[in-house]
Amino acid sequence: MFNPVSTYRIQFNKDFTFRQLSEIIPYLHKLGVHTIYASPIFEAVPGSVHGYDVVNPHRINPEIGTEEELRNVSRKLHEHGMSWVQDIVPNHMAFHPGNLWLMDVLEKGQHSMYASFFDLAWTSDLFQGKLSVPFLGGSLEDVLFNKEIQIEYHQQRLVFRYYENTYPLHPRSYAYILQDPDAPESIQNLVRQIGELHQLEDNLTYAMRWHELVLQFQALMNSNVREYIDGCLQKANDSDDQLKHIASQQVYRLKHWQSADRQITFRRFFTITDLIGLNMQDDKVFEHYHRLIRDLTHEGIFQGLRVDHVDGLYNPTQYVQKLRTLVGEETYIVVEKILQVDEKLPDWPVQGTTGYDFLAYVNNVLTPSSSEEKLSAFYADLEEDGDPQEKIWRKKSHILYRHMGGELNNLFRLLLELNLIDTETLNHLDRESLKIVLAEFLIRCPVYRYYKDSMPLEEQEHGAIWDILHNIRQIRPGLEAAADALADVLLVKPQKNDPEYNKRALQFYM
């Protein structure tokens, strides 16, 4: 198997491209560098300085080069006996107009071919089954009053324009905007066909038919009825009521950006709202996303892969197993994973982590022990007295309740929707207490996450979960009944080996 040594990290962006890397390869070789470790190279948000906000994993980022330039760099590296480890980002993509998969979902909703690609809470009662788009600078009403949102014709489609962002309109909105008894016959014909579109149930048929209607609309925009269409758009843009009604027709809700701390219908990368989680546990999503990664690895461009934020995935174990199968046994794979001091990496088919734990040891080696007394005194002055563990829990509680309340609400709602607690027990429980226990479980978990992907849990993980809940019982009086209910869900009922129940319990646990 390939074993990288003397690794040098390259941060690609518009100011450092494939061509510029090619120019310094001889210099890196003289330094003794044997392996290039590259930041993400797939198409990202325009102007991205890091590349982790991918919008299209099937295309090389045009700001840093082309596939041909990548191959030229690869050949030059091989000539110097150097190799390439590539950073990949399977956990999330950018929530951005350039993400055409996501824009297709915002346009068509669950009729989209990509509806299953993103980790979305379609059943959320907060938005009546609609997705949240929390990127406005104020409430929708204020933004409409200030004329900050307008409808435009953009890239063959009608969209809401909000500064540099655009969000596609649902097909039904075309009919609403254009319909009029006195409309040209070609417009009336289009409106009639849009009405028939909603009778289609198959997503592929729906997508193909809508594509045909988009082409028809494009032709009309280039015809003598353009003036009529422009008039319809102007009429809609001049009316706050019409714009508000059109906004209500979408499969999404335009919201203030701060609302994401309280209400959200998609999984984010921590609190970064413009990075949306992927359902990488779905075989279809995995295969589609990794198409170019697979090809470039098999071609020998990449000798290794570095997996970004593996813990964010629904099932990290399953993911690394599928990735190993995809790229073969000879490809070097490491995962970005922060291990606690006494935590071991699961038995995964990878070569290890990216080395945060090693970096901690290096930092300790390079820290002069003579400074300990001064630093401890400084910290004592900076922080109030108290148990460091209590402080950690307090900070985690602040982040969860202040900035990730929407995620907590989604998890609590999922617990109820999956019917994991029988009705009699639920009727005797204070639901708020149950949500608090769920929050305390997250706050007091001593590791980032656990990895068991079957129920019942094995002895070690079973014991770890039991210890967390026991700790909650001791520290938070009054939550005993709710803690017992969660223990029953995760630890007791799964022992009965009811396949249907265990399937639902595992979904909630993961």
(request) Find out whether Tyr332 and Leu305 are in side-chain contact, i.e. whether some heavy atom of one side chain is under 4.5 Å from a heavy atom of the other. (result) no
(message) Would you say that more than 12 heavy atoms from the other residues, nucleotides or ligands in this model lie under 6.0 Å from the CZ of Arg75, or not?
(response) yes
(request) Assess whether atom CZ of Phe2 is packed by more than 12 heavy atoms of other residues, nucleotides or ligands within 6.0 Å. (result) yes
(request) Mark yes when over 12 heavy atoms from residues, nucleotides or ligands other than Glu227 sit less than 6.0 Å from its CD; otherwise mark no. (result) no
(request) Indicate yes or no for a side-chain donor-acceptor contact from Asn222 to the backbone of Gln218 under 3.5 Å, with no hydrogens or angles considered. (result) yes
(request) Check whether any side-chain N or O of Glu461 sits under 3.5 Å from a backbone N or O of Lys452 as a donor-acceptor pair, and report yes or no. (result) yes
(request) Could you tell me whether Glu185 atom CD has more than 12 heavy atoms of other residues or ligands within 6.0 Å of it? (result) no
(request) Check whether more than 12 heavy atoms from other residues, nucleotides or ligands sit under 6.0 Å from atom CD of Glu201, and answer yes or no. (result) no
(request) Tell me, please, which residues at least two apart from Gln188 pass side chain to side chain donor-acceptor pair (under 3.5 Å). (result) none
(request) For atom CE of Met1, decide whether the heavy atoms of other residues, nucleotides or ligands shown that lie under 6.0 angstrom number more than 12. (result) yes
(message) Going by ring-ring contact (aromatic ring centres under 6.0 Å, His included), name the residues that satisfy it together with Phe95, two or more places apart in sequence or in a different chain.
(response) Phe135, Phe266
(message) Using side-chain heavy atoms (C-beta onward) and a distance below 4.5 Å, is Leu136 in contact with Tyr162?
(response) yes
(request) State which residues pass ring-ring contact (aromatic ring centres under 6.0 Å, His included) with His78; sequence neighbours excluded, sorted by chain then number. (result) none
(message) Taking salt bridge (charged side-chain N to carboxylate O under 4.0 Å, His left out) as the cut-off, I'd like each qualifying pair that reaches into residues 54-63, sequence neighbours left out, listed once.
(response) Glu43-Arg59
(message) So for atom CZ, which belongs to Arg9, do other residues, nucleotides or ligands contribute more than 12 heavy atoms lying within a distance under 6.0 Å?
(response) yes
(request) Please name all residues satisfying ring-ring contact (aromatic ring centres under 6.0 Å, His included) with His288, sequence neighbours left out, ordered by chain then number. (result) His58, Trp101, Phe117
(request) Look at the aromatic rings of His92 and Phe269 and report parallel, tilted or perpendicular, splitting at 30° and 60°. (result) tilted
(request) Return yes if some donor-acceptor pair links the side-chain N/O of Asp119 with the main-chain N/O of Asn279 below 3.5 Å, else return no. (result) no
(request) State which residues pass side chain to side chain donor-acceptor pair (under 3.5 Å) with Gln234; sequence neighbours excluded, sorted by chain then number. (result) Asp238
(request) Look at the rings of Tyr319 and Phe286 and say which category their plane angle falls in: under 30° parallel, 30 to 60° tilted, over 60° perpendicular. (result) perpendicular
(message) In this structure, is the centre-to-centre distance between the rings of His50 and Phe12 below 6.0 Å?
(response) no
(message) I'd like to know whether the aromatic ring centres of Trp210 and Tyr174 sit less than 6.0 Å apart in this structure.
(response) yes
(request) May I have the step-by-step check of salt bridge (Lys or Arg N to Asp or Glu O under 4.0 Å) for Arg268 and Asp274, ending in yes or no? (result) CA-CA 7 Å; Arg268 301 180 285 178; Asp274 53 6; over 6 Å; no
(message) So that I know where these two stand, are Tyr451 and Trp348 an aromatic pair - ring centroids less than 6.0 Å apart?
(response) yes
(request) Look only at the side chain of Glu152 and the backbone of Arg161, and say whether a donor-acceptor pair between them is shorter than 3.5 Å. (result) no
